[in-house]
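Structure first, then comments.
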Amino acid sequence: MSRLLHRDTVPPVPAAELTARSADGSRIHVELHGPEDAPAVVLAHGWTCNTRFWDAQIRDLAADHRVIAYDQRGHGLTPEPGPGGYSTNALADDLEAVLAATLAPGRRAVLAGHSMGGMTVMAAAARPGLREHAAAVLLCSTGSTRLAAEARVLPLRAGALRTRVTTAVLGAKAPLGPVNPVSRKILKYATMGPGSPPDRVDACARIVHACPRRARVEWGHVLAELDLAAGVRELRVPTAVIAGTDDRLTPPVHARAIAAALPVGLGLTELAGMGHMTPVEAPEAVTAKIRELVTRYVATGTAAERKAATAEKEDVA
């Protein structure tokens, strides 16, 4: 099935690709875009997605950033893990492995995570690798706990019944089947705002339907039991939050709770009329926020490092 973000465009061609090795030996597929010595950005996609989800951001940022995007385990070109390989600890291990494989010691980057990608950052908040390499963080359309209880995908009154049914849906083993008008309509209702253009709905549908069933089911079980509230409190780097006001999967109540609990919070941006897929639904807003974080927390330091390195070479000469 196609991994294109837009049917009439070609995916951004990476400057390089590599495989990072996680703590349990899992192979993580990584793409590198843009100039090697430019300010770095790391992109972590969400549940049932892949690196193509970030194509709009990659196209814009790669002109003057080193953009690092990777497929979460079981998604895209990253193989499914072995038994016991689905957990928030595994997500944190994978992110640490990607950072170690792509950033030199001490080099810092802006980390942007969407949905499960944001949960990945929260899971890794206390890890040495994140604290070494994260200059700032952007959390898009994500939550830290009570995902099944707060989700509004099902038209039921909030309570135990809705939570149980939502939990069952997250772990449903039924295949998604081909993308068709009905499946696009369902996906739009569940994950996108009512005004989402048809091409963006189609793009998201093709990405989601390409996710292997086992990965979708196993990660669905993990999300249903998620509790990363402690990870939010451990995220001690400047962190901005973005959420869509019409997000049914992770309603704004999650973003507001996260923004209030962050040790170094940079505020919450609520995007009117947008659903859960904010990097695709509102690519300009998400990209602009990443650029803002890079300019404020990475670019100045990178320039200073380059100047110091140049001066050192001149002294040696």
Problem - Trace of the side chain to side chain contact (heavy atoms under 4.5 Å, CB included) decision for H65 with V110 - result: CA-CA 11 Å; H65 294 74; V110 168; over 6 Å; no
Problem - Derivation of the salt bridge (Lys or Arg N to Asp or Glu O under 4.0 Å) call for E31 and R52 - result: CA-CA 11 Å; E31 295 181 2; R52 297 283 64 80; 3.1 Å; yes
Exercise for the section: Would you sort out whether R291 and D64 count as a side chain to side chain contact (heavy atoms under 4.5 Å, CB included), showing the intermediate values? Expected result: CA-CA 10 Å; R291 281 189 171 276; D64 51 359; 3.0 Å; yes
Exercise for the section: With side chain to side chain contact (heavy atoms under 4.5 Å, CB included) as the test, would you mind laying out the steps for I186 and V182 before giving the verdict? Expected result: CA-CA 6 Å; I186 293 172; V182 174; 4.0 Å; yes
Handout entry: Verdict with reasoning, Y70 to H29, per ring-ring contact (aromatic ring centres under 6.0 Å, His included)
Key = CA-CA 6 Å; Y70 71 100; H29 174 74; 10.0 Å; no
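Between H114 and H276, the ring planes are tilted. Angles from 30° to 60° get that label.
Checking D93 against S22 by side-chain atom types alone, no donor-acceptor pair falls below 3.5 Å. Judged purely by distance below 3.5 Å, without hydrogens or angles, the side chains of S196 and E281 pair a donor atom with an acceptor atom. S141 and S115 form no side-chain donor-acceptor contact under 3.5 Å, judged by distance and modelled atom types alone. Side-chain contact, N89 with S87: no donor N or O sits under 3.5 Å from an acceptor N or O. Side-chain polar atoms of T78 and Q72 form no donor-acceptor pair below 3.5 angstrom.
The pair E132-R107 fails the salt-bridge criterion, with no side-chain N (NZ, NE, NH1 or NH2) lying under 4.0 Å from an Asp/Glu carboxylate O. Ion pairing of D24 with R73 is present here, as a side-chain N (NZ or NE/NH1/NH2) and a carboxylate O approach within less than 4.0 Å. A salt bridge links D202 to R184: at least one charged side-chain nitrogen sits closer than 4.0 Å to a carboxylate oxygen.
Between the side chain of E234 and the main chain of A125, no donor-acceptor pair closer than 3.5 Å is present. Here the side chain of K289 pairs no donor or acceptor atom with the backbone of L138 at under 3.5 angstrom. In this structure, H209 contributes its side chain and G177 its backbone to a donor-acceptor pair below 3.5 Å. Not a single donor-acceptor pair under 3.5 Å links the side chain of R146 to the backbone N or O of E150. Looking at T239, its side chain does come within 3.5 Å of a backbone N or O of V237 through a donor-acceptor pair.
Both tests do not hold together for R108 against Y297: distance to the six-membered ring centre under 6.0 Å, angle to the ring axis within 45°.
Atom-to-atom distance recorded for F53:CZ and L43:CG is 11.0 Å, nearest 0.5 angstrom.
Taking the salt bridge (charged side-chain N to carboxylate O under 4.0 Å, His left out) definition, one finds that R216 meets it with nothing, sequence neighbours left out.
Remark: E225 CD is loosely packed, at most 12 non-hydrogen atoms of other residues, nucleotides or ligands lying under 6.0 Å away.
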